[in-house]
Amino acid sequence: MQLKSFLVIILSLVLFAPVFAQKREQKMKEAIDALNTTEFIRKYKEYQGAVESTVGNFKATATDYPTEDVREVQYAFRSTRDNFNKILETIKKDLLDKKTRNFMKENPDRYTQFVSQELDLAYKNYQSTVVVKINELTGQEQVGLGIMELKLLLDLVFDVVGVINTIEGELSKMNDKYLEDNLIGPLRIKEWEKL
């Protein structure tokens, strides 16, 4: 009798495991979708596109300028890219860490301030190195993000923390690869070679 019960349990697990996995995957997808539909993420993607477009347009005409100057832009862009991507890496690590998620819930202002400061520094680096050098070389006025746009982006970080609070249970089920593939990876600024 015990063998029959054991076999029934095993068979049930084998049959229903895919259903449970699909439900779990769907809930994780819904959690990521909730983050991706925040105004912060939408604006971040818009600004990410602007950075990539500005540098990509310059890169397309790079042969018109001295190699050393192009290398300066390239170096400045890589530094900027690294700064922005480091912020994303930190956010990913924070989302995966239960203690940090609890800190976000209990201290949303402090976490928001930290992310806002990091974004502000990365943005200022982009403006003062990449945009200024491209403007100097092209004689055109390439515009990065304005102060008001940046302030809006920074203000929206608080909303993301609110969403994180509502999906905290699903975040605890995610692994590094899932978060990278479905949230962080698409937000990373492309490499110079891929622009």
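Just the heavy atoms: all of them, side chains too, but no hydrogens, waters or symmetry mates, feed the values below. Everything numeric in this text was worked out from a predicted model, so none of it was measured.
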(message) With heavy-atom distances below 4.5 Å as the criterion, would you say the side chains of Thr90 and Ile87 are in contact?
(response) no
(message) If you compare all heavy atoms of Arg101 against all heavy atoms of Ser172, which two are closest, and at what distance to 0.1 Å?
(response) NH2-CB, 3.1 Å
(message) With rounding to the nearest 0.5 angstrom, report the NZ to CD distance, Lys27 to Glu170.
(response) 6.0 Å
(request) Check for a donor-acceptor pair, side chain of Asp69 on one end and backbone N or O of Leu137 on the other, with a separation under 3.5 Å. (result) no
(message) Any heavy-atom pair between the side chains of Glu89 and Lys93 that's under 4.5 Å?
(response) no
(message) If you compare all heavy atoms of Ile32 against all heavy atoms of Leu183, which two are closest, and at what distance to 0.1 Å?
(response) CD1-CB, 4.0 Å
(message) Is there a side chain to side chain contact (heavy atoms under 4.5 Å, CB included) between Glu193 and Gln74? Walk through the geometry before answering.
(response) CA-CA 10 Å; Glu193 294 76 19; Gln74 187 178 14; 4.1 Å; yes
(request) Mark yes or no for whether Glu52, through its side chain, and Leu195, through its backbone, hold a donor-acceptor pair below 3.5 Å. (result) no
(request) First locate atom CZ of Phe58, then atom CD of Gln140, and finally report the distance between them rounded to the nearest 0.5 Å. (result) 11.0 Å
(request) Please round to the nearest 0.5 Å and tell me the distance separating atom CG of Asp97 and atom CG of Leu171. (result) 11.5 Å
(message) Looking at Asn57 and Ser53, would you say the former's side chain and the latter's main chain have a donor-acceptor pair under 3.5 Å?
(response) yes
(message) How long is the straight-line distance from NZ of Lys92 back to CD of Glu180, given to the nearest 0.5 Å?
(response) 4.0 Å
(message) Quick one, Ile41 and Thr37 - any side-chain contact, counting heavy atoms below 4.5 Å?
(response) no
(request) Determine, stepwise, if the pair Glu68 / Arg71 fulfils salt bridge (Lys or Arg N to Asp or Glu O under 4.0 Å). (result) CA-CA 5 Å; Glu68 189 171 309; Arg71 283 190 192 140; over 6 Å; no
(request) Check the pair Gln127 / Val132 against side chain to side chain contact (heavy atoms under 4.5 Å, CB included), numbers first and verdict last. (result) CA-CA 6 Å; Gln127 285 289 106; Val132 167; over 6 Å; no
(request) Kindly say whether Arg110 contributes a backbone atom to a donor-acceptor pair with the side chain of Asn107 at under 3.5 angstrom? (result) no
(request) Using a 4.5 Å cut-off on heavy atoms from C-beta on, say whether the side chain of Thr54 contacts that of Tyr126. (result) yes
(request) Identify the heavy atoms of Lys29 and Tyr178 that sit nearest to each other, and give their distance. (result) N-OH, 3.3 Å
(request) On the 0 to 90° scale, with breaks at 30° and 60°, tag the Trp192-Phe77 ring pair as parallel, tilted or perpendicular. (result) tilted
(message) Could you tell me if the side chain of Leu35 sits less than 4.5 Å from the side chain of Phe40, heavy atoms only?
(response) no
(message) Show the nearest heavy-atom pair for residues Arg81 and Ile189, with the distance to one decimal.
(response) NE-O, 2.6 Å
(message) Any non-hydrogen side-chain atom of Tyr111 less than 4.5 Å from a side-chain atom of Ile91?
(response) yes
(message) Using the rule given for side chain to side chain contact (heavy atoms under 4.5 Å, CB included), can you reason through Thr166 versus Val163, listing the C-alpha separation, both sets of side-chain angles and the distance that settles it, and then say yes or no?
(response) CA-CA 5 Å; Thr166 64; Val163 171; 4.3 Å; yes
(message) A side-chain contact here means heavy atoms from C-beta on lying under 4.5 Å apart; do Met104 and Thr100 qualify?
(response) yes
(request) Determine, for Glu46 against Lys43, whether the closest basic-nitrogen to carboxylate-oxygen distance falls under 4.0 angstrom. (result) yes
(request) Quick one: closest heavy-atom pair of Asn182 and Asn36, and the distance? (result) O-ND2, 3.5 Å
(request) Output yes when a side-chain donor or acceptor of Gln48 lies under 3.5 Å from a complementary backbone atom of Pro186, and no otherwise. (result) yes
(request) Run the numbers on Phe84 and Tyr44 for side chain to side chain contact (heavy atoms under 4.5 Å, CB included), then give the verdict. (result) CA-CA 11 Å; Phe84 279 104; Tyr44 187 92; 3.7 Å; yes
(message) If I take atom CG from residue Leu121 and atom NZ from residue Lys86, how far apart are they, to the nearest 0.5 angstrom?
(response) 9.5 Å
(request) Grab the two heavy atoms, one from Ser79 and one from Asn125, that are nearest each other, plus how far apart they are. (result) OG-ND2, 3.6 Å
(request) To the nearest 0.5 angstrom, please state how far the CZ atom of Arg188 sits from the CG atom of Asp82. (result) 10.5 Å
(request) Report yes if some heavy atom in the side chain of Tyr75 is under 4.5 Å from a heavy atom in the side chain of Thr129; otherwise report no. (result) no
(request) Spell out, yes or no, whether Phe103 and Ile164 are grouped together once hydrophobic residues are joined by side-chain heavy atoms under 4.5 Å, including indirect joins. (result) yes
